[in-house]
There are 2 protein chains.
Amino acid sequence: MNWALRLITNRFRLSKSKSSHYDALLGFNPGKPDLYEIAFRHSSASIKGPLGRINNQRLEFLGDAILGAVVSDHIYRAMPSKNEGYLTQMRSKIVSRKSLNDLGHKLDLSRYIETNSKKPRPGEAIFGDALEALIGAIYIDKGYEYAQQFIMEKLIKNYIDLDELDQLTISYKSKLLEWSQKNKKEIRLDTQLSLNEGNSRKKPNFICSIFIDAIKVADGAGKSKKTAEEKASHIACTYLNLLNA
Amino acid sequence: MNWALRLITNRFRLSKSKSSHYDALLGFNPGKPDLYEIAFRHSSASIKGPLGRINNQRLEFLGDAILGAVVSDHIYRAMPSKNEGYLTQMRSKIVSRKSLNDLGHKLDLSRYIETNSKKPRPGEAIFGDALEALIGAIYIDKGYEYAQQFIMEKLIKNYIDLDELDQLTISYKSKLLEWSQKNKKEIRLDTQLSLNEGNSRKKPNFICSIFIDAIKVADGAGKSKKTAEEKASHIACTYLNLLNA
């Protein structure tokens with residue numbers, strides 16, 4: 001075999017093995033294996049490319065939006081009698097940081113993720129981030145329908161039970177109140193129509209302020225009292241680090 | 001013509017006129033015209049259905065997510081050298097309440113929207129909401145690619161100029177500082193590593209608190225100092241009603 005032919009054969013073999021590396025995970029043969037390598041490249045292991053640092057963060061941005069669309073479609077169809085407030089809450093639960101990290105674990109993504117071993121070991125979020133980036137890669141490689149099928153078959157059908165999630169309707173407000181009782185903190189939610197009360201041309205209409213031991217820790221705004229309170233409670237929960245627990 | 005045939009003919013004529021009613025707006029002939037009627041039904045004009053009140057809010061929930069996916073795809077591809085922070089900021093600008101209301105106006109959606117004239121006239125948000133619901137309806141009626149084509153052809157190509165938006169990089173923080181100078185308020189941003197500093201397994205890492213005249217009005221959390229400050233500033237801007245101005 002002359003060198004040129006050998007080179008071509010090697011490249012082909014290499015690209016074939018790269019590509020089949022992801023087959024079991026994806027359930028299909030990827031068209032652009034390099035894209036999946038990027039999806040699994042944590043920022044600690046960034047490499048320099050002609051347009052800047054290459055890692056999975058741009059694909060994570062994209063995959064997050066694609067996941068949001070597919071999950072919204074799923075719950076919109078699965079729950080025809082539920083209003084948009086309920087659907088929003090349900091979507092938040094499915095795409096929460098904790099839920100995505102868990103799903104990343106279940107898919108055994110650690111087998112694929114590349115990090116820099118000389119830097120501090122990254123936290124759990126690495127799994128959720130890689131999962132989002134993977135979804136972004138599938139979308140770019142194969143289009144929306146493949147991404148949707150992957151999300152439905154590999155994630156939702158296997159691991160997401162809407163009825164179970166429905167039971168688990170601990171709202172952010174409940175979570176916060178629970179914490180305050182446990183930790184003997186005084187919590188006050190002050191919810192009012194927003195300043196521009198008379199002006200219905202502007203959103204939002206309700207503002208909720210949350211005070212812990214008389215110190216304001218969060219504000220939230222929304223079209224309904226409930227939405228405003230949930231938004232403010234979400235911020236307060238984030239502030240108190242209650243969501244990753 | 002006997003009554004049964006007349007009934008069928010009338011139904012056919014009615015459904016044909018309903019369907020062609022939307023042709024010019026959509027650029028295609030809708031398969032499920034009833035869905036578009038729902039997309040244009042403001043909550044003030046809700047009707048009672050077997051599964052609850054029928055209005056455009058559920059479709060708005062769905063369309064918001066589809067729009068997010070299509071816009072993310074567009075800027076991901078159009079800006080290959082920009083990082084995820086920049087892309088996120090760009091997406092926020094395109095899908096901001098104000099931007100969607102403007103686009104709804106430009107598409108002349110008021111011709112289609114149904115409200116209850118006995119109730120107070122709804123605000124500008126009605127246009128953005130109807131636009132999102134319309135995108136949700138296209139998605140359910142015809143699928144992702146039609147929704148994507150509608151968004152690209154009717155909205156992005158006609159009205160969204162990424163270079164122009166890039167110039168318009170007034171961040172929420174800048175907006176807030178500008179407001180404070182104009183209104184002679186003292187603003188302080190207090191940004192710190194979050195409580196679980198040593199624990200890299202948890203997100204977020206930075207917390208920003210914003211004080212106006214020494215009163216805390218907002219908190220924000222994020223992976224970077226800049227993200228935390230922008231998130232907190234966004235909440236503060238919402239609180240101060242600076243975003244609809």
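Quick caveat, the model's predicted, so the values are computed rather than measured. Residue numbers start from 1 in every chain, and the chains themselves are labelled A, B, ... in the order their sequence lines are given, proteins ahead of strands.
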message: I'd like to know if A/Lys106 pairs up with A/Asp102 as an ion pair, taking the criterion as any Lys NZ or Arg NE/NH1/NH2 lying under 4.0 Å from an Asp or Glu carboxylate oxygen.
response: no
- prompt: Does the distance from a Lys or Arg side-chain N to an Asp or Glu carboxylate O, for B/Asp129 and B/Arg97, drop under 4.0 Å?
  reply: yes
Over all atoms of both residues, closest heavy-atom pair of [X] and [Y]:
X        : Y        : value
A/Lys223 : A/Phe206 : O-CD1, 3.4 Å
B/Asn101 : B/Gly128 : OD1-N, 3.0 Å
A/Ala232 : A/Gly220 : CB-N, 3.4 Å

- request: Pull out the residues in residues 73-85 of chain A that come under 4.5 Å of chain B, heavy atom to heavy atom, sorted by number.
  value: A/Asp73, A/Ile75, A/Tyr76, A/Arg77, A/Met79, A/Pro80, A/Ser81, A/Lys82, A/Asn83, A/Glu84
message: With a sphere of 6.0 Å drawn around CD of A/Glu153, does it hold more than 12 non-hydrogen atoms of other residues, nucleotides or ligands?
response: yes
query: Is it the side chain or the backbone of A/Arg91 that comes within 4.5 Å of chain B heavy atoms, both, or neither?
result: side chain
query: With a 4.5 angstrom heavy-atom cut-off, which part of A/Leu87 approaches chain B: side chain, backbone, both or neither?
result: both
message: Tell me which of these, B/Leu59, B/Val71, B/Ile215, has more heavy-atom pairs under 4.5 Å with chain A than the rest.
response: B/Leu59
task: With sequence neighbours excluded, tell me which residues meet salt bridge (charged side-chain N to carboxylate O under 4.0 Å, His left out) with B/Arg58.
output: none
task: Just give me the residue among A/Val217, A/Ile126, A/Asn55 that pairs up with chain B most often, heavy atom to heavy atom, under 4.5 Å.
output: A/Val217
- prompt: According to the interplanar angle, ranging from 0 to 90°, do the rings of B/Tyr139 and B/Tyr144 count as parallel (below 30°), tilted (30 to 60°) or perpendicular (above 60°)?
  reply: perpendicular
